[in-house]
Asker: 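I am attaching a structure below and will ask some questions about it afterwards.
Since this is a predicted model, take the numbers as computed values, not measurements. Position 1 is the first residue of the sequence; numbering continues from there.
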Amino acid sequence: MPRVTFSSPGLDWLMVILLRRWRWILASTLLAAAGVLLALPFLTKQYEISAALLFKLGREQAPPSVSGTSSVSAPFKRTEDITSEAEIITSQALVENLVNAFGTDYFLARKPPETIWEHIKYAARAVVRGIREAIGELMILVGLEKRLTPFENVVSMLQGVLKAEAVKRADVIEIKLLMADQQAGVDVMNKLIELYLAEHIRAFQTPGATRFLQERVSVLKDELASLEAQRREFSHQASLWDLDEQRKSLLLQQRELRQALARSTEDMSRVAAEIQQAQQALSGGPAEQRVARVEQSNPVAQSLQQRIVEQRARLERLRLVFGADSRRIVDEEAELAQLEKLLASQAKSVTQNETFQTSAGWHEAERSLVERRTRLAGLQAQEQRQREQDQRLVAELVRLDKSAEQSRRIAREIALAEQNYQLYARRLEEARISDALDKAEISNVSVIGRPTASISPTRPRAKLLFFGALGAGLLGSFGFFVLGHALRPTVHSREKAAAILGAPVLARLPEVRT
């Protein structure tokens, strides 16, 4: 017997099968379509109940508060937020609350038949349900399924027919529900939206936020008060009233003092040179012998008195500018006391005229030498006081700089504490407003599409089932015959016959139909 091979069918071979079996193929296709038409009346009609929710920009999108920062970001809204809302709508917990609100019997109840045709359909559906329950019991018996309570069955059924999808490029979620009763579906959808709005508010609540913010505001207020008291105490201890003005005043005093010190140094150099000249003049003169003596008032004492008067006048002018405890006033009073001390050490009168056997200019040189020595002593004392005063001013500036740094540190801490206090106070007020809105059940979700049921049933899809049955019948029957012919051990071409037999084909007999 020749070896049999199976070849892939060509277009001509498929046409041969179609021409031979077209009656059977047509009958099978029509039978499938007729079966769908007969089954459609017995299928449960389901209506689509739809609703739409709009998510506006609201307090739910406000970013969380951050301690230690004053920047508050503007509310924002992300695509993930809308997707999360859709997950809440279809969550098992929300569906369970929905079933608890209506009761399990509300979803399992069926409308009693009234007409004969409805009795027939009811009986047919009962048979189908019985078969389905028997299959389910068998699946449970073999361990492929878990036995569910009526409540769990209803929850599972609702999760299968409930859909919530976000509309692309829009802040809208469409909710769709399939139910056999239009009015019942609308009622269920309304209750679902009501439960969702309550769940939405609860989901975005922050438990204990108001209490926490109140405690933080109280703590920060105490910290701010403590820092303010610390700053007042520090300012009192450091004798700070205005850092800029105090520093400006000290620098001005230092500049004036150093100018005066430079003048004193210059005067001392000049007086020292004059003293040296006077000493040279006295040492080079001849010996003197006094012949007559006339007393007169001491000119040094008069000079000192005049300087004391000028110093007192100057002191009175300075008292109009500086305070009584000012360093400038203290130094000027010390200089006045020094002048008065020098005046007290001078004689009230001196020799006015003396007759010497020697040159009369010797006495003038001596008087000039005494005056210059007195002047030099005063200048040296004045320079010493000025240097000490300059050192005190430098130390005061250093102390003021350190105090200013400490004051700035305290000011920064106060500014930060005040900033945190204001931030938490603002957040506390927002939390109180949010709590009030939550109590009033006000959120950023608006129902822009009230639940409505479709006018005509959406399930079962009669046209889709009908044309699907036609296609399935056509393709199924045709495929059956193609498979049957392909599995038969026959040769379908001259080339295959020649290849199998190893001999050339001499003739071809045409097919004769009887």
Side-chain angles (χ1 to χ4, degrees), residues 59 62-75 205-258 315 318-334 385 388-439:
R59 58 190 171 91
S65 60
V66 181
S67 175
T69 177
S70 61
S71 59
V72 180
S73 303
Q205 284 180 343
T206 306
T210 303
R211 181 178 179 182
F212 168 75
L213 291 173
Q214 287 176 343
E215 293 176 355
R216 287 298 301 164
V217 166
S218 178
V219 171
L220 291 173
K221 186 177 181 180
D222 294 340
E223 290 181 359
L224 184 60
S226 176
L227 289 173
E228 289 287 354
Q230 181 181 351
R231 179 168 65 178
R232 288 193 298 270
E233 182 180 0
F234 174 76
S235 299
H236 177 72
Q237 292 178 354
S239 300
L240 298 178
W241 47 274
D242 191 332
L243 290 174
D244 293 336
E245 288 295 330
Q246 284 181 275
R247 184 176 180 82
K248 183 178 179 180
S249 176
L250 288 175
L251 291 175
L252 180 61
Q253 293 179 35
Q254 188 182 44
R255 185 180 65 182
E256 293 178 352
L257 181 62
R258 290 185 175 180
L315 183 60
L318 290 177
R319 284 174 178 172
L320 296 176
V321 178
F322 299 95
D325 57 346
S326 174
R327 298 290 182 183
R328 184 74 177 272
I329 298 298
V330 172
D331 293 337
E332 293 295 332
E333 290 177 348
R385 291 193 302 271
E388 293 175 355
Q389 187 176 0
D390 182 68
Q391 292 176 357
R392 289 194 298 270
L393 287 177
V394 171
E396 183 68 16
L397 284 172
V398 172
R399 186 195 68 82
L400 186 64
D401 290 338
K402 293 181 179 179
S403 300
E405 180 62 28
Q406 182 72 8
S407 178
R408 284 192 292 268
R409 184 187 64 80
I410 297 176
R412 286 194 300 269
E413 293 179 356
I414 291 175
L416 181 60
E418 185 175 1
Q419 182 178 347
N420 290 336
Y421 172 75
Q422 292 177 355
L423 177 62
Y424 275 95
R426 183 169 58 252
R427 288 297 183 185
L428 175 60
E429 187 62 25
E430 292 175 359
R432 288 172 177 170
I433 294 173
S434 180
D435 291 343
L437 292 174
D438 291 340
K439 291 181 180 179

Asker: Tell me every residue that passes side chain to side chain contact (heavy atoms under 4.5 Å, CB included) with Arg412, counting only those two or more places apart in sequence or in another chain.
Answerer: Glu405, Arg408, Arg409

Asker: List for me each residue that meets salt bridge (Lys or Arg N to Asp or Glu O under 4.0 Å) alongside Glu256, sequence neighbours excluded, and say none if there are none.
Answerer: Arg328

Asker: Who are the side-chain hydrogen bond (donor to acceptor under 3.5 Å, both in side chains) partners of Gln230, not counting sequence neighbours?
Answerer: none

Asker: Under the side-chain hydrogen bond (donor to acceptor under 3.5 Å, both in side chains) rule, collect the residues that match up with Glu388, sequence neighbours excluded.
Answerer: Gln384

Asker: Are any side-chain N or O atoms of Ser407 and backbone N or O atoms of Ser403, one a donor and one an acceptor, separated by less than 3.5 Å?
Answerer: no

Asker: Regarding Arg399 and Glu396, does a basic nitrogen lie under 4.0 Å from an acidic carboxylate oxygen?
Answerer: yes

Asker: Do Gln253 and Ser249 meet the criterion of a side-chain donor-acceptor pair at a distance under 3.5 Å?
Answerer: yes

Asker: Looking at residues at least two apart in the chain, or sitting in another chain, which of them share a side chain to side chain contact (heavy atoms under 4.5 Å, CB included) with Asp401?
Answerer: Arg247

Asker: Under the rule for side-chain hydrogen bond (donor to acceptor under 3.5 Å, both in side chains), what residues qualify as partners of Arg255, not counting sequence neighbours?
Answerer: none

Asker: Answer whether the closest heavy-atom distance between the side chains of Leu423 and Gln419 falls below 4.5 Å.
Answerer: no

Asker: What verdict does the side-chain contact (heavy atoms from CB on, under 4.5 Å) test give for Lys248 and Leu252, after you've listed the backbone C-alpha separation in whole Å, the side-chain angles of each residue and the deciding distance to 0.1 Å?
Answerer: CA-CA 6 Å; Lys248 183 178 179 180; Leu252 180 61; 5.7 Å; no

Asker: Any non-hydrogen side-chain atom of Gln391 less than 4.5 Å from a side-chain atom of Val394?
Answerer: no

Asker: How close do Leu393 and Leu257 get, counting heavy atoms only, and between which atoms?
Answerer: CD1-CD2, 3.7 Å

Asker: Looking at Leu400 and Leu250, what are the two nearest heavy atoms and their distance?
Answerer: CD2-CD1, 3.8 Å

Asker: Could you go step by step and tell me if Glu228 and Arg231 meet the salt bridge (charged side-chain N to carboxylate O under 4.0 Å, His left out) rule?
Answerer: CA-CA 5 Å; Glu228 289 287 354; Arg231 179 168 65 178; 2.8 Å; yes

